[in-house]
Amino acid sequence: MLDIKLLRGDLENTAEKLLTRGVKLDKDHFIHLETQRKALQEKTQTLQAERNKKSKQIGQLKSKGENAQVVMQEVSHINAELKSAEEQLKTLQQAIHQFILEIPNIPHDSVPKGKNETDNQEIRRWGTPTTFSFEVKDHVLLGEQLKLLNNDAASKISGARFTVLHAGLARLQRALIQFMLDTHTQQHGYTETYVPYIVNAESLQGTGQLPKFAEDLFQLKAEQGFYLIPTAEVPVTNIVRDSIIAADDLPLRFVAHTPCFRSEAGSYGKDVRGLIRQHQFEKVEMVQIVTAENSYQALEELTAHAEFILQQLQLPYRVMNLCSGDIGFSAAKTYDLEVWLPGQNCYREISSCSNFENFQARRMQARWRNPDNKKPELVHTLNGSGLAVGRCLVAVMENYQTQEGYIQVPEVLKPYMGGMDKIMG
RNA sequence: GGAGAGGUGGCUGAGUGGUCGAAAGCACCGGUCUUGAAAACCGGCGUAGGUUAAUAGCCUACCCAGGGUUCAAAUCCCUGCCUCUCCGCCA
């Protein structure tokens, strides 16, 4: 959520920055709402002040045993007027709040301006695309030939965009998760965290998925308004919702493995083959809660933490600085890591690392106490996949395939595979 | 699922429908004292919004959330959420 002061005080400039995202701010609508709000608020508060004053008078008169009938009559008149003013004001304030909730974050100055993913800026590459002396298979063919990937069963059990993994492949996924969690906790200073996979609407509003992106979520048919998490970002970041954190406790670094559930509404026909885009997938997520002055340094570190996993797995990748038209709703800046997939002959997103500045913090009322002035200030929040496990599985399968159609186990995963060095079905 | 208790400022915790934005303690900040520190003493210390040149003053709202009663609600009533205790059931 943007600071409403940015809209009140610097509407033109704010609208211009949002335009780089391709979002046209309805300035006139906002001005209209604000003008009304201001007038109504002044009216309401004046009436309230009058009512309070006269009610006190009544109390004083009564305590002296005098007749308060006249004043009571006056207050009744005020109340009649006040009631409708209060109701109107409430409606207006809700409208303004809803309006602001649907405005995305302002891109940081270092974000390249552009329309869509073709304008993203490549920052660096690591490794060179794997070359093969034989014809490469994609992960689906590999998995099916080894009888380790059972999409027929998945579509019978659930439907499209689900999968069943067996034996060495299922274990490889578990190995990846363990490796990632161990690396982030032991080498990068994150606290391993286990969280609910079902969250309430407040949490989703806190991180920005609601109200605008409800159709991307699976909602449970329960009275409480429960949703399946689309990413661990939601439960993990909301740990600090409605709290004031002591300066000594910052930065907070959490890492969690969770399944993620996404409806993928509107992506029909896109990535239908294989594990790239599923309704359910595993992800290891890093979340950092930091002070405003540290957040951009934290973004670089967080990105490096995700990169380290790819480096350890010896998977070639590149780092993209997403352009203003391609960054997510809540983010001020995002680096995507794209891993090389031989089966598709291209780089594909495997991690997204973002600084949300105080956009999520304002929605969540997540603050820390600044020792300089003793005042609570909004924290900055960041998160990044470290990594998307399903896609990482794809990358390992395709990059580590052998001529015989087996999958070699990356060196760093061998301890997690009970010493197995080849997955043969 | 049944029975009960409770949700008040950064924390603990008082609060009889009217001068309660809320006692007291802790924490924190400033001061006195001290070579310095501690102790003691004195003072300060919530958040948001409006008005304003103002981080001054004044005004408004906020005692879990949402309704209601009343001239007036932290206080009374209803609903919801959450926490705790006991019993039952259960991985």
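The sequence lines fix the lettering, A, B, ..., with proteins before strands; numbering per chain opens at 1. Values below: every heavy atom of this structure, side chains too, minus hydrogens, waters and symmetry copies.
In this structure, B/A54 forms no base pair with any nucleotide, since neither Watson-Crick nor G-U wobble geometry is met with both distances under 3.5 Å. Nucleotide B/C82 has B/G6 as its partner under the Watson-Crick or G-U criteria, with both atom distances under 3.5 Å. Nucleotide B/C41 forms a pair with B/G31, judged by Watson-Crick or G-U wobble geometry with both contacts under 3.5 Å. Across every strand in view, B/A61 sits in a pair with B/U47 that passes the Watson-Crick or G-U test at under 3.5 angstrom.
The salt bridge (Lys or Arg N to Asp or Glu O under 4.0 Å) check on A/Arg367 picks up nothing, with sequence neighbours excluded. Partners of A/Arg277 under the salt bridge (Lys or Arg N to Asp or Glu O under 4.0 Å) rule, at least two apart in sequence or in another chain, are A/Glu264, A/Asp271.
With hydrogens and angles disregarded, no donor-acceptor distance shorter than 3.5 Å links the side chain of A/Arg21 to the backbone of A/Asp326.
Here, B/U52 and B/C58 have their C1' atoms 10 Å apart, quoted to the whole Å. Remark: the separation of the P atoms in B/G44 and B/A22 is 13 Å, to the nearest Å.
Between the CG atom of A/Leu47 and the P atom of B/A61 there is a distance of 11 Å, given to the nearest Å.
Residue pairs meeting the salt bridge (Lys or Arg N to Asp or Glu O under 4.0 Å) criterion with at least one member in residues 282-309 of chain A, sequence neighbours excluded: A/Arg124-A/Glu307, A/Arg253-A/Glu301, A/Lys283-A/Glu285.
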Counting only pairs under 3.5 Å, give me each side-chain donor-acceptor contact of residues 23-33 of chain A, with atom names and distances, residues two or more places apart or in other chains.
unit_1	atom_1	unit_2	atom_2	d
A/Asp26	OD1	A/His29	N	3.2
A/Lys27	NZ	A/Glu12	OE1	3.2
A/Lys27	NZ	A/Glu12	OE2	3.4
A/His32	NE2	A/Gln36	OE1	3.3

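OP1 and OP2 of B/A48 both lie 4.0 Å or more from every side-chain N or O belonging to A/Arg362.
The aromatic rings of A/Tyr416 and A/Phe179 sit perpendicular to each other, their planes meeting at more than 60°, with 30° as the lower class boundary.
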> What is the per-nucleotide protein-contact pattern of nucleotides 51-56 of chain B, from the 5' end, where B denotes a base atom under 4.0 Å from a protein heavy atom, S denotes such proximity for sugar-phosphate atoms only, and - denotes neither?
Replying inline: S-----
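If you check residues 51-60 of chain A against RNA chain B, the residues with a heavy atom closer than 4.0 Å are A/Arg51, A/Asn52, A/Ser55, A/Ile58, A/Gly59, listed by number.
With contacts defined as side-chain heavy-atom distances shorter than 4.5 Å, the pair A/Phe254/A/Gln288 does not qualify.
Remark: A/Lys5 does not engage A/Asp10 in a salt bridge, criterion side-chain N to carboxylate O under 4.0 Å.
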